Number of protein chains: 2
Amino acid sequence: MNVSKTAEKSSEKPGDAAKGRKDVAEVLPEALQLGELSEQLGYVLKRAQLKVFENFLRCMASLQLTPAQFSVLLLVEKNPGRNQTEIASTLGILRPNFVALLDNLESRDLCARIRSTNDRRSHILVLTDKGKAVLARAKKLVATKHEARLNELLGQANREALLEMLSKIANEF
Amino acid sequence: MNVSKTAEKSSEKPGDAAKGRKDVAEVLPEALQLGELSEQLGYVLKRAQLKVFENFLRCMASLQLTPAQFSVLLLVEKNPGRNQTEIASTLGILRPNFVALLDNLESRDLCARIRSTNDRRSHILVLTDKGKAVLARAKKLVATKHEARLNELLGQANREALLEMLSKIANEF
DNA sequence: TTATAATTGTTATGGACCATACCAAATATT
DNA sequence: AATATTTGGTATGGTCCATAACAATTATAA
(Lines give C-alpha, C1' and ligand atoms only; values in the text may rest on other atoms or scores of the structure.)
Protein backbone atom coordinates (compact mmCIF):
# COMPACT_ATOMS: atom_id res chain seq x y z
CA MET A 1 0.00 0.00 0.00
CA ASN A 2 1.04 3.51 0.26
CA VAL A 3 2.62 3.97 3.54
CA SER A 4 5.89 2.80 4.09
CA LYS A 5 7.25 5.58 5.98
CA THR A 6 4.80 8.27 5.53
CA ALA A 7 4.09 8.70 9.18
CA GLU A 8 7.66 8.67 10.34
CA LYS A 9 8.74 11.47 8.15
CA SER A 10 10.60 13.75 10.46
CA SER A 11 9.62 16.90 8.69
CA GLU A 12 5.90 17.19 8.77
CA LYS A 13 3.83 20.16 8.05
CA PRO A 14 2.32 21.27 11.34
CA GLY A 15 -1.35 20.79 11.58
CA ASP A 16 -1.65 18.84 8.42
CA ALA A 17 -0.86 15.28 9.21
CA ALA A 18 -0.15 13.39 12.36
CA LYS A 19 -3.56 13.12 13.82
CA GLY A 20 -2.43 11.32 16.96
CA ARG A 21 -1.11 7.95 17.83
CA LYS A 22 1.65 6.94 15.56
CA ASP A 23 4.28 5.56 17.81
CA VAL A 24 4.42 2.17 16.24
CA ALA A 25 2.96 0.21 13.43
CA GLU A 26 3.03 2.94 10.90
CA VAL A 27 3.38 0.27 8.28
CA LEU A 28 -0.29 -0.44 8.47
CA PRO A 29 -2.63 1.79 6.55
CA GLU A 30 -4.97 3.27 9.07
CA ALA A 31 -8.59 2.53 8.45
CA LEU A 32 -10.61 5.58 7.57
CA GLN A 33 -13.20 6.92 9.94
CA LEU A 34 -16.66 6.49 8.55
CA GLY A 35 -18.00 9.08 10.95
CA GLU A 36 -21.54 10.24 10.33
CA LEU A 37 -21.66 8.08 7.24
CA SER A 38 -22.49 5.01 9.29
CA GLU A 39 -25.56 6.84 10.59
CA GLN A 40 -26.83 7.78 7.16
CA LEU A 41 -29.84 5.66 6.34
CA GLY A 42 -29.30 5.82 2.60
CA TYR A 43 -25.69 4.75 2.85
CA VAL A 44 -26.34 1.76 5.08
CA LEU A 45 -29.43 0.84 3.13
CA LYS A 46 -27.60 0.77 -0.17
CA ARG A 47 -24.72 -1.23 1.27
CA ALA A 48 -27.11 -3.77 2.76
CA GLN A 49 -29.04 -4.02 -0.49
CA LEU A 50 -25.90 -4.73 -2.48
CA LYS A 51 -24.86 -7.45 -0.07
CA VAL A 52 -28.28 -9.05 -0.15
CA PHE A 53 -28.41 -9.05 -3.96
CA GLU A 54 -24.90 -10.45 -4.08
CA ASN A 55 -25.88 -13.27 -1.77
CA PHE A 56 -29.04 -13.87 -3.73
CA LEU A 57 -27.10 -14.27 -6.95
CA ARG A 58 -24.73 -16.72 -5.31
CA CYS A 59 -27.63 -18.78 -3.99
CA MET A 60 -29.24 -18.81 -7.42
CA ALA A 61 -26.10 -19.48 -9.39
CA SER A 62 -27.26 -22.97 -10.30
CA LEU A 63 -30.53 -21.62 -11.70
CA GLN A 64 -29.10 -18.46 -13.23
CA LEU A 65 -31.87 -16.24 -11.92
CA THR A 66 -31.42 -12.59 -11.05
CA PRO A 67 -33.56 -10.91 -8.40
CA ALA A 68 -35.57 -9.19 -11.13
CA GLN A 69 -36.15 -12.42 -13.04
CA PHE A 70 -37.15 -14.21 -9.86
CA SER A 71 -39.62 -11.48 -9.01
CA VAL A 72 -41.19 -11.73 -12.46
CA LEU A 73 -41.63 -15.49 -12.16
CA LEU A 74 -43.13 -15.10 -8.71
CA LEU A 75 -45.56 -12.45 -9.86
CA VAL A 76 -46.62 -14.29 -13.00
CA GLU A 77 -47.21 -17.46 -11.02
CA LYS A 78 -49.33 -15.58 -8.51
CA ASN A 79 -51.20 -13.64 -11.20
CA PRO A 80 -51.72 -15.84 -14.23
CA GLY A 81 -53.44 -14.26 -17.19
CA ARG A 82 -52.06 -10.76 -16.76
CA ASN A 83 -50.34 -8.91 -19.55
CA GLN A 84 -46.89 -7.40 -19.77
CA THR A 85 -47.91 -3.92 -18.79
CA GLU A 86 -49.57 -5.09 -15.61
CA ILE A 87 -46.73 -7.31 -14.49
CA ALA A 88 -44.06 -4.78 -15.37
CA SER A 89 -45.70 -1.79 -13.74
CA THR A 90 -46.35 -3.72 -10.56
CA LEU A 91 -42.64 -4.40 -10.34
CA GLY A 92 -41.73 -0.82 -11.16
CA ILE A 93 -40.25 -1.87 -14.47
CA LEU A 94 -40.93 0.32 -17.48
CA ARG A 95 -42.52 -1.46 -20.40
CA PRO A 96 -39.65 -0.89 -22.83
CA ASN A 97 -37.19 -2.36 -20.34
CA PHE A 98 -39.45 -5.28 -19.66
CA VAL A 99 -39.21 -6.56 -23.21
CA ALA A 100 -35.63 -7.81 -23.03
CA LEU A 101 -36.23 -9.30 -19.62
CA LEU A 102 -39.15 -11.30 -20.96
CA ASP A 103 -37.27 -12.23 -24.11
CA ASN A 104 -34.69 -13.82 -21.87
CA LEU A 105 -37.18 -15.78 -19.77
CA GLU A 106 -39.08 -16.86 -22.87
CA SER A 107 -35.93 -17.97 -24.68
CA ARG A 108 -35.15 -20.18 -21.70
CA ASP A 109 -38.66 -21.58 -21.85
CA LEU A 110 -39.51 -20.35 -18.37
CA CYS A 111 -42.50 -18.24 -19.36
CA ALA A 112 -44.52 -17.61 -22.47
CA ARG A 113 -46.34 -14.72 -24.12
CA ILE A 114 -49.81 -15.57 -25.37
CA ARG A 115 -51.86 -13.26 -27.53
CA SER A 116 -55.01 -12.36 -25.69
CA THR A 117 -58.23 -13.20 -27.48
CA ASN A 118 -60.06 -10.32 -25.81
CA ASP A 119 -57.51 -7.69 -26.65
CA ARG A 120 -55.20 -8.67 -29.43
CA ARG A 121 -52.76 -5.97 -28.52
CA SER A 122 -51.76 -7.51 -25.24
CA HIS A 123 -49.64 -10.49 -24.38
CA ILE A 124 -50.85 -12.68 -21.58
CA LEU A 125 -48.04 -14.06 -19.48
CA VAL A 126 -47.92 -17.57 -18.11
CA LEU A 127 -45.27 -19.83 -16.67
CA THR A 128 -44.31 -22.87 -18.66
CA ASP A 129 -44.04 -26.22 -16.93
CA LYS A 130 -40.32 -25.77 -16.86
CA GLY A 131 -40.83 -22.28 -15.47
CA LYS A 132 -42.96 -23.64 -12.66
CA ALA A 133 -40.41 -26.29 -11.88
CA VAL A 134 -37.52 -23.85 -11.89
CA LEU A 135 -39.44 -21.41 -9.75
CA ALA A 136 -40.19 -24.15 -7.24
CA ARG A 137 -36.52 -24.97 -7.00
CA ALA A 138 -35.67 -21.29 -6.78
CA LYS A 139 -38.06 -20.80 -3.89
CA LYS A 140 -36.45 -23.68 -2.07
CA LEU A 141 -33.00 -22.26 -2.60
CA VAL A 142 -34.04 -18.82 -1.46
CA ALA A 143 -35.70 -20.19 1.64
CA THR A 144 -32.94 -22.54 2.71
CA LYS A 145 -29.87 -20.60 1.64
CA HIS A 146 -30.88 -16.97 1.44
CA GLU A 147 -33.62 -16.10 3.89
CA ALA A 148 -32.34 -18.66 6.35
CA ARG A 149 -29.08 -16.74 6.46
CA LEU A 150 -31.05 -13.72 7.58
CA ASN A 151 -32.73 -15.57 10.38
CA GLU A 152 -29.47 -16.85 11.71
CA LEU A 153 -28.03 -13.35 11.51
CA LEU A 154 -30.89 -11.35 12.98
CA GLY A 155 -33.24 -13.86 14.52
CA GLN A 156 -36.77 -14.54 13.42
CA ALA A 157 -38.37 -11.68 15.31
CA ASN A 158 -35.90 -9.10 14.13
CA ARG A 159 -36.11 -10.35 10.58
CA GLU A 160 -39.86 -9.77 10.60
CA ALA A 161 -39.50 -6.37 12.20
CA LEU A 162 -36.94 -5.42 9.56
CA LEU A 163 -39.21 -6.42 6.72
CA GLU A 164 -42.08 -4.49 8.21
CA MET A 165 -40.03 -1.33 8.57
CA LEU A 166 -38.65 -1.61 5.07
CA SER A 167 -42.15 -2.11 3.69
CA LYS A 168 -43.29 0.97 5.54
CA ILE A 169 -40.46 2.97 4.04
CA ALA A 170 -41.09 1.58 0.57
CA ASN A 171 -44.78 2.42 0.75
CA GLU A 172 -45.03 5.57 2.81
CA PHE A 173 -41.79 7.45 2.54
CA MET B 1 -41.83 6.45 -9.24
CA ASN B 2 -43.98 4.14 -11.06
CA VAL B 3 -47.24 3.37 -9.43
CA SER B 4 -50.37 1.74 -10.58
CA LYS B 5 -52.74 3.97 -12.36
CA THR B 6 -55.78 1.84 -12.23
CA ALA B 7 -58.91 2.85 -10.40
CA GLU B 8 -58.60 6.37 -11.70
CA LYS B 9 -60.98 5.53 -14.46
CA SER B 10 -63.70 4.58 -12.02
CA SER B 11 -63.40 7.74 -10.01
CA GLU B 12 -66.60 9.13 -11.31
CA LYS B 13 -69.39 10.56 -9.33
CA PRO B 14 -71.99 7.89 -8.73
CA GLY B 15 -75.42 8.97 -9.73
CA ASP B 16 -74.41 10.41 -13.00
CA ALA B 17 -76.71 9.84 -15.85
CA ALA B 18 -76.33 6.44 -17.34
CA LYS B 19 -73.81 6.84 -20.08
CA GLY B 20 -72.38 3.93 -21.96
CA ARG B 21 -69.52 3.56 -19.50
CA LYS B 22 -67.63 0.60 -18.35
CA ASP B 23 -69.29 -2.69 -18.46
CA VAL B 24 -69.04 -3.98 -14.94
CA ALA B 25 -68.89 -7.45 -16.32
CA GLU B 26 -65.15 -7.18 -16.10
CA VAL B 27 -63.75 -8.04 -12.75
CA LEU B 28 -63.36 -5.01 -10.59
CA PRO B 29 -59.97 -5.07 -8.91
CA GLU B 30 -57.03 -4.74 -11.14
CA ALA B 31 -54.54 -4.80 -8.32
CA LEU B 32 -52.15 -7.70 -8.64
CA GLN B 33 -51.32 -9.98 -5.76
CA LEU B 34 -47.77 -9.46 -4.64
CA GLY B 35 -47.81 -12.77 -2.84
CA GLU B 36 -44.49 -14.03 -1.59
CA LEU B 37 -42.80 -11.05 -3.18
CA SER B 38 -43.65 -8.85 -0.22
CA GLU B 39 -41.76 -11.28 1.99
CA GLN B 40 -38.63 -11.25 -0.11
CA LEU B 41 -35.97 -9.28 1.67
CA GLY B 42 -34.19 -8.24 -1.50
CA TYR B 43 -37.35 -6.95 -3.11
CA VAL B 44 -38.45 -4.86 -0.16
CA LEU B 45 -34.91 -3.70 0.49
CA LYS B 46 -34.44 -2.45 -3.04
CA ARG B 47 -37.80 -0.70 -3.05
CA ALA B 48 -37.03 1.01 0.23
CA GLN B 49 -33.60 2.05 -0.97
CA LEU B 50 -35.01 3.65 -4.09
CA LYS B 51 -37.55 5.58 -2.08
CA VAL B 52 -34.91 6.79 0.36
CA PHE B 53 -32.57 7.93 -2.40
CA GLU B 54 -35.46 9.65 -4.14
CA ASN B 55 -36.32 11.51 -0.98
CA PHE B 56 -32.68 12.36 -0.40
CA LEU B 57 -32.39 13.91 -3.84
CA ARG B 58 -35.51 15.98 -3.24
CA CYS B 59 -34.15 17.23 0.08
CA MET B 60 -30.84 18.13 -1.55
CA ALA B 61 -32.28 19.69 -4.65
CA SER B 62 -31.16 23.16 -3.58
CA LEU B 63 -27.58 21.97 -3.12
CA GLN B 64 -27.52 19.60 -6.07
CA LEU B 65 -25.85 16.81 -4.14
CA THR B 66 -26.34 13.14 -4.87
CA PRO B 67 -26.01 10.51 -2.15
CA ALA B 68 -22.62 9.50 -3.54
CA GLN B 69 -21.36 13.08 -3.64
CA PHE B 70 -22.60 13.70 -0.13
CA SER B 71 -20.83 10.59 1.13
CA VAL B 72 -17.58 11.71 -0.47
CA LEU B 73 -17.78 15.13 1.15
CA LEU B 74 -18.56 13.56 4.51
CA LEU B 75 -15.67 11.14 4.25
CA VAL B 76 -13.15 13.71 3.08
CA GLU B 77 -14.14 16.04 5.87
CA LYS B 78 -13.74 13.29 8.42
CA ASN B 79 -10.47 12.07 6.90
CA PRO B 80 -8.48 15.00 5.58
CA GLY B 81 -5.22 14.20 3.91
CA ARG B 82 -6.23 10.93 2.33
CA ASN B 83 -5.80 10.21 -1.34
CA GLN B 84 -8.32 9.23 -3.98
CA THR B 85 -7.73 5.51 -3.71
CA GLU B 86 -8.36 5.47 0.02
CA ILE B 87 -11.52 7.54 -0.13
CA ALA B 88 -12.90 5.71 -3.13
CA SER B 89 -12.25 2.21 -1.86
CA THR B 90 -13.77 3.01 1.52
CA LEU B 91 -16.95 3.98 -0.27
CA GLY B 92 -16.86 0.94 -2.51
CA ILE B 93 -16.22 3.08 -5.56
CA LEU B 94 -13.70 1.85 -8.09
CA ARG B 95 -10.88 4.25 -8.82
CA PRO B 96 -11.72 4.76 -12.48
CA ASN B 97 -15.28 5.66 -11.61
CA PHE B 98 -14.17 7.99 -8.87
CA VAL B 99 -12.41 10.31 -11.30
CA ALA B 100 -15.51 11.81 -12.87
CA LEU B 101 -17.17 12.12 -9.50
CA LEU B 102 -14.22 14.12 -8.19
CA ASP B 103 -14.00 16.15 -11.39
CA ASN B 104 -17.53 17.25 -10.71
CA LEU B 105 -16.94 18.20 -7.08
CA GLU B 106 -13.71 19.97 -7.96
CA SER B 107 -15.28 21.90 -10.83
CA ARG B 108 -17.87 23.16 -8.36
CA ASP B 109 -15.10 24.16 -6.00
CA LEU B 110 -16.33 21.84 -3.27
CA CYS B 111 -13.16 19.84 -2.91
CA ALA B 112 -9.62 19.95 -4.25
CA ARG B 113 -6.93 17.53 -5.32
CA ILE B 114 -3.49 18.34 -3.98
CA ARG B 115 -0.35 16.61 -5.15
CA SER B 116 1.20 14.82 -2.21
CA THR B 117 4.76 15.82 -1.43
CA ASN B 118 5.51 12.39 -0.01
CA ASP B 119 4.25 10.46 -2.95
CA ARG B 120 3.90 12.49 -6.07
CA ARG B 121 1.67 9.89 -7.62
CA SER B 122 -1.19 10.45 -5.26
CA HIS B 123 -3.70 13.25 -4.92
CA ILE B 124 -4.57 14.33 -1.42
CA LEU B 125 -8.20 15.30 -1.04
CA VAL B 126 -9.44 18.23 0.99
CA LEU B 127 -12.63 20.22 1.21
CA THR B 128 -12.53 23.80 0.09
CA ASP B 129 -14.09 26.48 2.27
CA LYS B 130 -17.08 26.43 0.02
CA GLY B 131 -17.14 22.66 0.28
CA LYS B 132 -17.20 22.86 4.05
CA ALA B 133 -19.99 25.39 3.97
CA VAL B 134 -22.05 23.39 1.51
CA LEU B 135 -21.53 20.23 3.50
CA ALA B 136 -22.67 21.97 6.66
CA ARG B 137 -25.84 23.07 4.94
CA ALA B 138 -26.29 19.61 3.48
CA LYS B 139 -26.01 18.03 6.89
CA LYS B 140 -28.67 20.35 8.21
CA LEU B 141 -31.00 19.55 5.35
CA VAL B 142 -30.48 15.84 5.76
CA ALA B 143 -31.11 16.02 9.47
CA THR B 144 -34.19 18.20 9.37
CA LYS B 145 -35.83 17.01 6.18
CA HIS B 146 -34.55 13.53 5.50
CA GLU B 147 -33.71 11.67 8.69
CA ALA B 148 -36.44 13.50 10.55
CA ARG B 149 -38.92 11.97 8.13
CA LEU B 150 -37.72 8.58 9.19
CA ASN B 151 -38.20 9.28 12.84
CA GLU B 152 -41.73 10.44 12.30
CA LEU B 153 -42.41 7.33 10.25
CA LEU B 154 -40.77 4.69 12.42
CA GLY B 155 -40.04 6.35 15.71
CA GLN B 156 -36.65 6.96 17.20
CA ALA B 157 -36.20 3.52 18.70
CA ASN B 158 -37.22 1.68 15.57
CA ARG B 159 -35.07 3.90 13.42
CA GLU B 160 -32.03 2.99 15.46
CA ALA B 161 -32.92 -0.68 15.41
CA LEU B 162 -33.31 -0.52 11.66
CA LEU B 163 -29.93 1.07 11.17
CA GLU B 164 -28.29 -1.50 13.38
CA MET B 165 -29.82 -4.40 11.48
CA LEU B 166 -28.90 -2.93 8.13
CA SER B 167 -25.34 -2.40 9.31
CA LYS B 168 -25.20 -5.98 10.42
CA ILE B 169 -26.39 -7.14 7.02
CA ALA B 170 -23.98 -4.84 5.22
CA ASN B 171 -21.04 -6.07 7.27
CA GLU B 172 -21.74 -9.70 7.99
CA PHE B 173 -23.99 -11.06 5.32
C1' DT C 1 23.07 0.76 -8.99
C1' DT C 2 19.99 -0.97 -12.37
C1' DA C 3 16.20 -3.72 -13.76
C1' DT C 4 11.78 -5.05 -12.50
C1' DA C 5 7.50 -4.87 -10.01
C1' DA C 6 3.82 -2.32 -7.87
C1' DT C 7 0.95 1.77 -7.10
C1' DT C 8 -1.70 6.10 -8.40
C1' DG C 9 -4.59 8.62 -11.17
C1' DT C 10 -6.49 8.38 -15.54
C1' DT C 11 -8.67 7.13 -20.15
C1' DA C 12 -11.19 4.09 -22.86
C1' DT C 13 -14.57 0.83 -23.18
C1' DG C 14 -18.39 -2.36 -22.48
C1' DG C 15 -22.27 -4.10 -19.81
C1' DA C 16 -26.39 -3.58 -16.90
C1' DC C 17 -30.04 -0.76 -15.65
C1' DC C 18 -33.15 3.12 -16.22
C1' DA C 19 -35.81 6.69 -18.72
C1' DT C 20 -37.85 9.06 -22.82
C1' DA C 21 -39.51 9.47 -27.50
C1' DC C 22 -41.55 7.27 -31.00
C1' DC C 23 -43.98 3.57 -33.94
C1' DA C 24 -47.57 0.08 -35.75
C1' DA C 25 -51.33 -2.54 -34.53
C1' DA C 26 -55.37 -2.91 -32.02
C1' DT C 27 -58.89 -0.96 -29.35
C1' DA C 28 -61.67 2.78 -27.26
C1' DT C 29 -63.96 7.11 -27.59
C1' DT C 30 -66.38 10.74 -29.78
C1' DA D 1 -65.91 7.62 -39.49
C1' DA D 2 -62.47 10.33 -37.21
C1' DT D 3 -59.75 10.71 -33.40
C1' DA D 4 -57.58 9.29 -29.20
C1' DT D 5 -55.68 5.76 -26.28
C1' DT D 6 -53.45 1.50 -25.17
C1' DT D 7 -50.04 -2.30 -25.95
C1' DG D 8 -45.83 -4.31 -27.16
C1' DG D 9 -41.85 -3.01 -29.25
C1' DT D 10 -37.51 -0.36 -31.15
C1' DA D 11 -34.18 3.08 -30.80
C1' DT D 12 -31.58 5.86 -28.05
C1' DG D 13 -29.23 8.26 -24.34
C1' DG D 14 -27.89 8.59 -19.48
C1' DT D 15 -25.99 6.73 -15.36
C1' DC D 16 -23.65 3.39 -12.76
C1' DC D 17 -20.43 -0.41 -12.48
C1' DA D 18 -16.41 -3.25 -13.93
C1' DT D 19 -12.09 -4.34 -16.54
C1' DA D 20 -8.02 -3.40 -19.32
C1' DA D 21 -4.44 -0.56 -20.24
C1' DC D 22 -1.18 3.47 -19.78
C1' DA D 23 2.21 7.20 -18.01
C1' DA D 24 4.30 8.81 -14.06
C1' DT D 25 6.06 7.66 -9.87
C1' DT D 26 7.67 4.80 -6.21
C1' DA D 27 9.07 0.31 -4.20
C1' DT D 28 11.66 -3.89 -4.53
C1' DA D 29 15.02 -7.30 -6.30
C1' DA D 30 19.20 -8.54 -8.69
Side-chain angles (χ1 to χ4, degrees), chain A residues 1-6 9 27 29 42 46-47 49-51 53-54 57 64-69 71-72 81-106 111-125, chain B residues 1-6 8-10 12 19-23 26 30 42 46-47 49-50 53-54 57 64 66-69 71-72 81-106 111-125:
Chain A
M1 296 302 185
N2 96 344
V3 238
S4 29
K5 39 197 54 202
T6 301
K9 266 291 181 51
V27 189
K46 177 92 178 283
R47 288 304 254 249
Q49 186 257 314
L50 288 175
K51 275 292 182 65
F53 269 44
E54 196 182 308
L57 286 173
Q64 284 289 93
L65 282 182
T66 69
Q69 292 168 339
S71 69
V72 170
R82 299 301 190 130
N83 64 25
Q84 297 184 198
T85 297
E86 291 171 313
I87 298 291
S89 75
T90 300
L91 292 174
I93 302 175
L94 294 172
R95 271 66 81 217
N97 301 328
F98 195 52
V99 174
L101 207 172
L102 261 191
D103 285 348
N104 182 319
L105 294 179
E106 200 173 25
C111 86
R113 295 182 237 226
I114 303 179
R115 293 223 106 87
S116 168
T117 55
N118 303 335
D119 186 339
R120 296 187 30 205
R121 289 172 298 186
S122 56
H123 288 171
I124 295 308
L125 299 183
Chain B
M1 253 277 194
N2 198 342
V3 210
S4 86
K5 32 57 198 198
T6 328
E8 298 290 26
K9 265 286 183 32
S10 45
E12 280 184 14
K19 265 180 49 180
R21 313 230 322 97
K22 290 272 127 39
D23 195 351
E26 219 159 335
E30 281 222 12
K46 175 90 180 285
R47 287 303 254 250
Q49 185 258 314
L50 289 175
F53 268 43
E54 196 182 310
L57 286 173
Q64 283 289 92
T66 68
Q69 292 167 340
S71 69
V72 170
R82 299 300 191 131
N83 64 25
Q84 295 185 196
T85 297
E86 291 171 313
I87 298 292
S89 76
T90 300
L91 292 173
I93 302 174
L94 294 173
R95 274 65 79 215
N97 300 328
F98 194 51
V99 174
L101 207 172
L102 262 191
D103 287 347
N104 182 319
L105 293 179
E106 200 174 25
C111 87
R113 296 182 238 227
I114 304 178
R115 293 224 105 88
S116 168
T117 56
N118 302 335
D119 187 339
R120 301 193 19 215
R121 289 171 297 186
S122 57
H123 288 173
I124 295 309
L125 298 183

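Predicted model, so just to flag it, every value in this text is computed and none were measured. Letters go in sequence order (proteins before strands), and every chain restarts at 1.
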Of A:S116 and A:A68, the one whose closest DNA chain C nucleotide lies more 5': A:A68

5'-most by nearest nucleotide on DNA chain D - B:G92 or A:N83: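 The residue closer to the strand's 5' end, by nearest nucleotide, is A:N83.
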
Whichever of B:T66 and A:Q84 has its nearest DNA chain D nucleotide further upstream toward 5':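 It is A:Q84, whose closest nucleotide lies nearer the 5' terminus.
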
What distance separates [X] [atom1] from [Y] [atom2], expressed to the nearest 0.5 Å?
X: A:Q84; Y: A:E86; atom1: CD; atom2: CD; value: 11.0 Å
X: B:L125; Y: B:I114; atom1: CG; atom2: CD1; value: 8.5 Å
X: A:D119; Y: A:N83; atom1: CG; atom2: CG; value: 8.0 Å

To the nearest Å, give me how far apart [atom1] ([X]) and [atom2] ([N]) are.
X: A:L57; N: D:dC17; atom1: CG; atom2: P; answer: 15 Å
X: B:I93; N: C:dG9; atom1: CD1; atom2: P; answer: 13 Å
X: A:R113; N: C:dA25; atom1: CZ; atom2: P; answer: 18 Å
X: B:R115; N: C:dT8; atom1: CZ; atom2: C1'; answer: 9 Å
X: B:I114; N: C:dT8; atom1: CD1; atom2: P; answer: 18 Å
X: A:N104; N: D:dG9; atom1: CG; atom2: P; answer: 14 Å
X: B:I124; N: C:dT7; atom1: CD1; atom2: C1'; answer: 14 Å
X: A:R47; N: D:dC16; atom1: CZ; atom2: C1'; answer: 15 Å

Nearest listed nucleotide, side chain of B:T85, among C:dT8, D:dT7, D:dG9: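 Selected nucleotide: C:dT8.
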
Any A:R95 side-chain N or O less than 4.0 Å from OP1/OP2 of C:dC23: no

Under 4.0 angstrom between A:K46 side-chain N/O and D:dC17 OP1 or OP2: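 Checking A:K46 against D:dC17: at least one side-chain N or O falls below 4.0 Å of OP1 or OP2.
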
With sequence neighbours excluded, residues passing side-chain contact (heavy atoms from CB on, under 4.5 Å) with A:L50: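 Once residues adjacent in sequence are excluded, the partners of A:L50 under the side-chain contact (heavy atoms from CB on, under 4.5 Å) criterion are A:K46.
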
Qualifying residues under side-chain contact (heavy atoms from CB on, under 4.5 Å), relative to A:T66, sequence neighbours excluded: A:L57, A:A68, A:Q69

B:R95 versus B:A88, closest heavy-atom pair with distance: CD-CB, 4.3 Å

Minimum heavy-atom distance between B:R47 and A:L91, given as atom pair plus value: NH1-O, 2.8 Å

Contact letters for nucleotides 19-25 of chain D, in which S counts primed atoms plus P, OP1 and OP2 and B counts the base, heavy atoms under 4.0 Å: BB---BB

Sugar-phosphate, base or nothing in reach of A:N118, heavy atoms under 4.0 Å: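 If one applies the 4.0 Å heavy-atom cut-off, A:N118 turns out to touch the sugar-phosphate alone, with no base involved.
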
